[in-house]
Every structure is written in structure tokens, then in C-alpha cells.
Student: 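Here you go, one structure.
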Amino acid sequence: MDRPLDIDTFELLRSTLRRFVDTQLIPAEDQVEAEDDIPPSIVQAMRELGLFGLSIPEEYGGLGLTMREEALLMQELGRASLAFRSVIGTTVGIGSQGIVIDGTQAQKREWLPRLASGEAISSFALTEPGAGSDAASITTRADRDGDTYRINGVKRFITNAPRASVFTVMARSERDKPGAAGISAFIVPADTPGITLGKPDAKMGQRGTKTCDVAFEDVAVPASSIIGERPGQGFKTAMKVLDRGRIHMSAVALGMCERLIAESVRYACERVQFGQPIGAFQLIQAMLADSQTELVAGRAMVEAVAQRFDSGERVSQEAACSKYFTSEAVGRIADRAVQIHGGAGYMAAYKIERFFRDVRLLRIYEGSSQIQQLIIAKSMLRDAGLAV
Ligand code: COS
């Protein structure tokens with residue numbers, strides 16, 4: 001997308017979101033933790049702010065932000081418990097972008113306006129019990145029967161499945177083609193007969209984020225529901241969506257870095273030991289400095305990658321670098337935040353232990369750190385002429 005939003009309008013949106021995070025989301029964090037859900041009034045406020053439509057082109061009712069702008073907003077939203085971002089995350093990111101990037105005009109017209117308004121929530125169904133990092137090994141089948149495909153299989157850990165109105169489902173439609181080439185991406189309304197949801201997953205953290213299994217049993221969808229109506233292109237669509245998603249997730253990680261550092265600085269100023277605020281001690285200062293350095297580096301990285309993405313370049317390697325760096329950095333920053341808070345960092349009331357658990361997922365979803373390393377190294381070696 002190359003349409004830069006008018007700078008004043010964008011800055012107004014950004015400051016409105018910052019205020020929304022400070023006055024509505026952060027005060028509701030304990031409620032979300034206790035209820036393991038996002039209050040409907042907050043979801044409605046997110047709709048009204050246009051947050052579901054950030055990445056959807058204006059002609060389909062979205063805000064049509066550039067990747068750079070989206071990343072700046074995610075750095076704001078990421079300052080609150082990650083469950084809030086998760087409500088819009090799949091619709092803004094991996095759930096809708098297959099349609100935006102590779103969909104036909106008819107598919108865009110049918111789905112994007114509803115997604116942009118937040119009336120419909122989309123979810124991305126790639127992972128399976130036997131296929132996580134090795135995404136090309138999925139076994140969910142889509143068998144052609146005239147103008148219909150029948151989908152059978154199970155998808156696992158599907159974020160927002162309990163809230164979804166539509167799934168982007170990767171399934172194996174080309175029987176004669178093994179691996180990535182046999183996969184198509186289907187747009188499947190969540191109320192299609194034959195879809196059943198598993199019980200909500202109990203997780204290490206991110207309470208309020210909803211994930212579960214999705215089972216497909218003879219789910220009949222028209223051939224026209226293949227994204228782009230191009231069978232066998234689903235893996236590439238998924239990879240393009242994930243490239244973009246990894247920049248988005250990097251920005252989310254930076255938001256949480258900012259929050260953890262702010263909490264650490266506040267505590268270092270308030271907490272008195274040995275007769276002075278602990279921030280006066282150089283060993284505490286060193287931890288703050290290391291965290292701030294990583295935040296500044298991460299911001300520069302995400303800004304550069306997002307700008308290259310907006311200029312139309314393929315940024316698979318750089319997106320993987322930024323996801324790898326920022327998700328690992330937020331893990332280190334969360335660990336230092338616990339350390340700076342001492343015993344309080346281990347206690348639920350201070351929220352730091354909660355964020356420590358919440359950010360652990362950032363190193364795993366949308367491609368683990370090890371997958372990012374593989375993407376980075378393989379692309380370096382391929383550029384050097386080695387077939388890997
Ligand atoms: N953009 C466009 N096309 C891409 C691509 C990208 N970023 N990455 C790969 N492709 C294409 C390749 O060019 C190749 O096409 P050709 O056969 O026409 O050359 C095809 O897709 C297969 O690529 P590759 O051989 O690299 O696939 P692999 O099976 O080796 O898988 C990884 C590559 C590991 C990178 C992939 O499986 C992956 O990203 N795994 C992690 C999945 C993930 O993030 N899961 C999280 C859950 S979803 S929230």
C-alpha cells in the first residue's frame with residue numbers, strides 16, 4: 001500500500017489510541033485476567049475506533065494504513081495486555097490478509113467490508129496436531145466433487161476461533177502434488193455445517209486470548225471459495241501473510257517492551273532500599289539501559305522493514321529478523337523487569353509476572369525463533385548461490 005494517510009489524521013488516530021490504551025485498556029487488565037475474556041464494551045469501542053479495519057483498503061471500508069502506520073499503532077496497542085490486541089489481531093493480520101493480498105474482486109467485496117467494520121472476525125487455520133513449524137506437511141484434505149470441495153481435518157491452537165465468523169483454511173486440494181504445491185487457501189464461513197470447535201485451550205498466559213481446535217468434517221464449500229480461485233497457491237498465500245504478520249508481531253512486542261520498561265523505571269524511582277531509590281544503584285541502571293537499548297534498536301528495525309514492505313519489496317528475511325529480534329528482546333526485557341521488581345515481580349498483583357508469561361508466546365507464534373533463524377540463514381545462503 002503506498003497511500004500515506006494525511007499525517008495529521010494519522011497522528012490524531014495514534015494519540016486517540018494511546019489515550020484509549022491508557023484510560024480504557026490498562027484499567028481493564030485485571031478484569032480480563034479474572035474473566036478470561038474481553039468485555040463486550042471494549043470490543044465495541046475497538047470497532048468504533050476502526051481498529052478492525054486498519055489493514056483493509058479504504059475502498060472496502062477500512063483505513064488502508066501502510067505497514068509503517070500499522071506498526072506504529074501496534075506499538076501503542078501492545079502496551080496493554082496482549083489479549084486486547086489479539087481480538088483485532090487475526091482480522092487485521094493473518095485472517096484477512098490472504099483475501100487482501102491474493103483474493104479475487106468478488107471475494108474482497110464479499111468479506112472485506114464486514115471484516116473492516118468488525119462485524120465479522122476472521123481467523124487463520126494453518127496449524128494442525130501434526131503440522132506446526134513444518135507448515136507444508138498439513139494433512140487436512142479438500143477433495144473436489146464437481147464445483148464443491150469437501151474439507152476434512154483438524155486445525156489446532158487457532159486464535160480467535162471461538163469468536164470467528166470466517167476462517168482462512170489451508171487444506172490439501174491437489175492430490176498429485178506433495179508438500180507446499182498441493183495446498184489451497186479456502187475462505188470458510190464459521191457457520192458452515194460440519195465445523196465444530198474444541199473446548200477453549202488452557203494456556204500459560206494471555207488470558208482473554210481465545211484459542212481452540214477447529215474440526216472439519218465433510219465441510220462443503222464452493223470451488224469459488226479458494227483464495228484467488230487459484231488452487232495450489234495456498235501455501236504461498238500463507239507465507240506472504242506471515243511475512244506481513246511478522247512485522248505486525250514485532251511491533252506488538254515493542255509495545256510490551258515499552259510498557260515493561262515504563263513499569264521498571266517507575267518501580268526503580270519509587271522503591272527505596274539501603275536508604276535510596278533502587279534506581280540510584282548502578283546495577284539497576286545497567287538493566288534499565290540494556291532494556292532501553294534493545295527497545296531503541298527494535299524500533300529502528302521495525303521502522304526500516306515496514307518502510308521497505310510499503311515500497312513493495314519482498315522482505316521475508318528482514319521480517320524474520322525483526323520478529324526474531326523483538327520477540328527475543330521482549331523476553332529479556334520481561335525477565336529484567338521481574339528482576340528489577342524483585343519479590344514484587346513474582347507477585348501477581350504487580351502484573352509483571354503476568355506479562356513475563358504473556359510475552360513468552362511471542363517467541364513461538366507466527367513462526368518460532370528457530371523458524372525465523374532458518375528463514376534468515378536460508379535466504380542469505382541462497383543469495384550466495386547455495387541451494388538450501
Ligand atoms: N513469500 C512467497 N512465497 C514463499 C515464501 C514467502 N515468504 N516463503 C516460501 N515461499 C514459496 C517458495 O518460494 C516455494 O515456492 P516454489 O516451490 O514455487 O519455489 C514454496 O513457497 C515452498 O517454500 P519452501 O520450500 O521454503 O517451504 P518449506 O516447506 O521449506 O517451509 C518455512 C518454509 C519453514 C519457512 C515455513 O514452513 C514456515 O514459515 N513455517 C512456520 C509456520 C508458522 O509460522 N506457523 C505459525 C502458525 S500460523 S499463526
Side-chain angles (χ1 to χ4, degrees), residues 67 82 85-86 88-98 100-102 122-140 154-161 164 167-172 174 176-185 201 203 206 209-214 227-228 230-250 252-253 305 308-309 312-324 327 361-383 386-388:
M67 190 71 239
L82 297 180
R85 195 283 323 176
S86 171
I88 64 154
T90 51
T91 302
V92 168
I94 53 180
S96 73
Q97 290 303 303
V100 172
I101 296 170
D102 283 338
S122 64
S123 185
F124 183 73
L126 171 64
T127 300
E128 297 181 357
S133 291
D134 184 6
S137 71
I138 60 166
T139 57
T140 292
V154 176
K155 297 293 180 178
R156 179 138 294 171
F157 308 146
I158 302 305
T159 302
N160 275 333
F167 293 102
T168 297
V169 182
M170 263 50 69
R172 193 162 286 293
E174 311 306 290
D176 50 333
K177 294 183 186 156
I183 297 171
S184 299
D201 297 316
K203 301 184 292 299
Q206 295 212 16
T209 295
K210 296 290 177 190
T211 66
C212 68
D213 278 9
V214 186
I227 289 184
R230 295 176 65 209
Q233 294 298 309
F235 186 83
K236 289 184 186 172
T237 297
M239 290 300 116
K240 286 186 256 181
V241 163
L242 284 169
D243 277 349
R244 197 185 173 289
R246 287 165 185 158
I247 306 174
H248 174 106
M249 292 313 306
S250 305
V252 173
V305 180
R308 285 189 60 187
F309 180 94
E313 288 177 60
R314 181 166 163 183
V315 294
S316 308
Q317 185 200 118
E318 293 82 351
C321 289
S322 69
K323 162 78 163 61
Y324 178 40
S327 61
L361 187 57
L362 286 160
R363 284 190 262 166
I364 298 170
Y365 61 0
E366 300 203 19
S368 66
S369 288
Q370 289 65 35
I371 287 297
Q372 310 309 330
Q373 288 174 304
L374 289 184
I375 293 171
I376 297 160
K378 277 187 176 179
S379 115
M380 292 163 68
L381 294 167
R382 277 183 199 138
D383 287 350
L386 186 69
V388 284

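Each ligand, and each atom within it, is numbered from 1 in the order the structure gives. The structure displayed is predicted, hence computed values, not measured ones.
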Student: Any idea which atoms of ligand 1 are less than 4.0 Å away from a heavy-atom of Ile375?
Tutor: 35 (C)

Student: How many angstroms lie between CG in Asp201 and OG1 in Thr209, if you round to the nearest 0.5 Å?
Tutor: 11.5 Å

Student: Rounded to the nearest 0.5 Å, how far does CG of Asp134 lie from CD1 of Ile371?
Tutor: 8.0 Å

Student: Quick one: look up the protein heavy atom nearest atom 15 (O) of ligand 1 and list residue, atom name and how far away it is.
Tutor: Lys236 CE, 3.1 Å

Student: Protein heavy atoms near atom 25 (O) of ligand 1, is at least one of them under 4.0 angstrom away?
Tutor: no

Student: Please could you name the atoms of ligand 1 that Thr127 approaches to less than 4.0 Å, counting only its heavy atoms?
Tutor: 47 (C)

Student: Tell me whether Gly367 has any N or O atom under 3.5 angstrom from an N or O of ligand 1.
Tutor: yes

Student: Taking the basic N atoms (NZ, or NE/NH1/NH2) and the acidic carboxylate oxygens, is any pair closer than 4.0 Å for Glu128 and Lys155?
Tutor: yes

Student: Taking side-chain contact (heavy atoms from CB on, under 4.5 Å) as the test, write out the residues that go with Pro178, two or more places apart.
Tutor: none

Student: For atom 39 (O) of ligand 1, which candidate among Glu366, Arg246, Arg244 provides the closest heavy atom?
Tutor: Arg246

Student: With a cut-off of 4.0 Å, which atoms of ligand 1 are near a heavy atom of Ile94?
Tutor: 49 (S)

Student: Can a non-hydrogen atom of Leu374 be found less than 4.0 Å from any atom of ligand 1?
Tutor: no

Student: Give the residue, atom name and distance (to 0.1 Å) of the protein heavy atom nearest atom 32 (C) of ligand 1.
Tutor: Met239 SD, 4.6 Å

Student: Quick test: of every protein heavy atom, which one is nearest to atom 37 (O) of ligand 1, and how far off is it to 0.1 Å?
Tutor: Ser133 O, 3.3 Å

Student: Roughly how far, to the nearest 0.5 Å, is the CG atom of Asn160 from the OG1 atom of Thr90?
Tutor: 3.5 Å

Student: Ion pair present between Arg230 and Asp102, side-chain N to carboxylate O less than 4.0 angstrom?
Tutor: no

Student: Identify, for atom 23 (O) of ligand 1, the protein heavy atom at the shortest distance, and state residue, atom and that distance.
Tutor: Phe235 CE2, 3.9 Å

